[in-house]
Amino acid sequence: MLKLLDVQNDQYNNLFLEKTKGIMGLLIDFRGNLAKVTFNSESKFNMWNVKTMKELLDFLGDVEKRREIKYVLFNGNNGNFGSGADIRELNVASKDREFASSFFGYMKDIYLKLISLDKITIGAVEGIAYGASLEMLLFLDFVIAHKDSKFAAPGGKIGVFPPALITVGPYIIGFQNVKKMAMLGEEISADQAKTIGLVTEVVENLDQGISYLLGKLSNFAPSSLVLMRKELSRYLVRDMEEAFTNLVIQVGSDDAREGINAFLARVKPSWASVSFSKS
């Protein structure tokens with residue numbers, strides 16, 4: 001688990017811990033003008049389920065009202081940032097349209113709230129950032145990644161496409177990079193993620209990397225930073241609504257049900273058996 005930051009800048013030296021609150025899938029710390037959210041699900045891979053997403057939405061609503069909070073830091077417990085949507089709840093969504101609408105509705109609302117939030121948002125990634133966890137990074141202002149971290153969007157392999165990656169991703173990391181990640185499911189390294197613009201900086205020590213970033217940000221007026229992120233994010237939501245609507249439909253398709261069941265049974269779906277050979 002990432003330690004609470006020991007920032008060297010004088011602005012942070014006298015910060016005190018206001019409270020630490022463990023709730024289901026999240027650990028939340030408020031420290032001076034910094035709020036820290038740690039994904040901490042029952043699995044070491046910090047999967048996104050309905051409980052965790054509702055807690056995250058509640059937190060974002062709460063922190064939005066806290067004028068003293070200028071920065072929000074997201075990281076994961078147990079050595080991983082997160083592996084995306086909980087496969088067990090995707091299984092339920094594949095059979096229950098109402099649940100699917102709620103599940104993906106919460107996910108979409110998180111992304112939209114991150115866009116509109118009047119705070120500077122930072123991701124601290126170690127281990128893996130897959131699926132919805134990776135897509136969340138697209139909506140953060142800065143992402144600091146440990147040199148050994150890995151990134152992937154393999155949802156298409158089970159018949160579930162990544163809605164934010166294919167709509168917001170081209171704007172952030174480029175059209176061809178989105179195609180590789182979404183349609184090939186390729187895992188990329190932290191250095192590769194930095195090259196395409198998904199990651200801001202690759203570091204050996206996350207605490208030091210975040211401390212350095214916060215020190216740099218502290219030179220700017222908070223209101224100017226918020227206005228800059230608002231203008232930069234203006235066009236991020238144009239196509240996302242339709243993508244999530246299509247995803248609710250797709251997760252109930254025969255392909256998605258087969259892909260999810262195959263994953264749970266640890267076998268390959270039927271389409272994975274197709275091969276190419278010269279005649």
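Computed from heavy atoms alone, side chains included, the values below leave out hydrogens, waters and symmetry copies.
- Applying the side-chain hydrogen bond (donor to acceptor under 3.5 Å, both in side chains) test to K113 and every residue at least two apart in sequence or in another chain returns E64.
- With a 4.5 Å cut-off on side-chain heavy atoms, V72 and F59 count as touching.
- Cluster annotation: I110 is connected to V37 through the hydrophobic network of ILVMFWY side chains, with a link wherever side-chain heavy atoms come within less than 4.5 Å.
- A donor-acceptor contact shorter than 3.5 Å links the side chain of Q250 to the backbone of G159.
- For the side chain to side chain contact (heavy atoms under 4.5 Å, CB included) test, residues two or more places apart in sequence or in another chain that qualify with P269 are E258, A262, W271, A272.
- Here the closest heavy-atom approach between residue A124 and residue I210 is recorded as CB-CD1, 4.1 Å.
- In this structure, D86 pairs ionically with R88, as a charged nitrogen and a carboxylate oxygen lie closer than 4.0 Å.
- For R97, there are no salt bridge (Lys or Arg N to Asp or Glu O under 4.0 Å) partners at least two apart in sequence or on another chain.
- With rounding to the nearest 0.5 angstrom, the CG atom of D109 is 11.0 Å from the CG atom of L114.
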- Determine, step by step, whether T200 and L213 satisfy the side chain to side chain contact (heavy atoms under 4.5 Å, CB included) criterion, reporting the C-alpha distance in whole Å, the side-chain angles of both residues, the deciding distance to 0.1 Å, and the verdict. CA-CA 10 Å; T200 309; L213 174 63; 5.6 Å; no

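- Hydrophobic clustering keeps F45 apart from M107 (ILVMFWY residues linked when any side-chain heavy atoms are closer than 4.5 Å, directly or through intermediates).
- Residues passing the side-chain hydrogen bond (donor to acceptor under 3.5 Å, both in side chains) test with D141, sequence neighbours excluded: T121, R229.
- Shown here are the ring pair (Phe, Tyr, Trp, His ring centres under 6.0 Å) partners of Y111, two or more places apart in sequence or in another chain: F139.
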- Query: Checking side chain to side chain contact (heavy atoms under 4.5 Å, CB included) for the pair L206/E126: CA distance, chi angles, key distance, verdict?
  - Reply: CA-CA 8 Å; L206 280 174; E126 62 180 333; 3.9 Å; yes

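- Take F263 and apply the ring pair (Phe, Tyr, Trp, His ring centres under 6.0 Å) test, not counting sequence neighbours, and it matches no residue.
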- Message: Walk me through whether N49 and M47 qualify under side chain to side chain contact (heavy atoms under 4.5 Å, CB included).
- Response: CA-CA 6 Å; N49 52 37; M47 294 179 288; 5.9 Å; no

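- Taking the salt bridge (Lys or Arg N to Asp or Glu O under 4.0 Å) definition, one finds that K44 meets it with nothing, sequence neighbours left out.
- For F99, the side chain to side chain contact (heavy atoms under 4.5 Å, CB included) partners two or more places apart in sequence, or in a different chain, are V50, E89, V92, A93, D96, F103.
- With sequence neighbours left out, K54 forms a side-chain hydrogen bond (donor to acceptor under 3.5 Å, both in side chains) with no residue at all.
- Heavy atoms from other residues, nucleotides or ligands lying under 6.0 Å from CE of M228 number more than 12.
- For residues 244-256, the pairs satisfying salt bridge (Lys or Arg N to Asp or Glu O under 4.0 Å) are D254-R257, with sequence neighbours left out.
- Scanning both residues, A35 and V63, for their nearest heavy atoms gives CB-CG2, 4.0 Å.
- Residue-environment remark: CD (E241) stays at or below the threshold of 12 foreign heavy atoms within 6.0 Å.
- I128 and L138 fall into different hydrophobic clusters, where Ile, Leu, Val, Met, Phe, Trp and Tyr residues are linked whenever their side-chain heavy atoms come under 4.5 Å apart, directly or through other members.
- One hydrophobic cluster, built from ILVMFWY side chains closer than 4.5 Å, holds both L225 and L214.
- Taking all atoms of both residues into account, the shortest heavy-atom contact from L134 to A129 is CB-O, 3.4 Å.
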All N/O donor-acceptor pairs, side-chain side in residues 160-176, below 3.5 Å, sequence neighbours left out:
unit_1: T167; atom_1: OG1; unit_2: P163; atom_2: O; d: 2.7
unit_1: T167; atom_1: OG1; unit_2: A164; atom_2: O; d: 3.4
unit_1: Y171; atom_1: OH; unit_2: L232; atom_2: O; d: 3.0

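- F81 and Y130 fall into different hydrophobic clusters, where Ile, Leu, Val, Met, Phe, Trp and Tyr residues are linked whenever their side-chain heavy atoms come under 4.5 Å apart, directly or through other members.
- Remark: E186 pairs with no residue by the side-chain hydrogen bond (donor to acceptor under 3.5 Å, both in side chains) rule, at least two apart or across chains.
- At a threshold of 4.5 Å between non-hydrogen side-chain atoms, the residues I122 and L140 do not count as touching.
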- Query: Given I196 and Q192, is the side chain to side chain contact (heavy atoms under 4.5 Å, CB included) satisfied, shown in steps?
  - Reply: CA-CA 6 Å; I196 66 175; Q192 290 172 310; 5.9 Å; no

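- With contacts defined as side-chain heavy-atom distances shorter than 4.5 Å, the pair I260/L264 qualifies.
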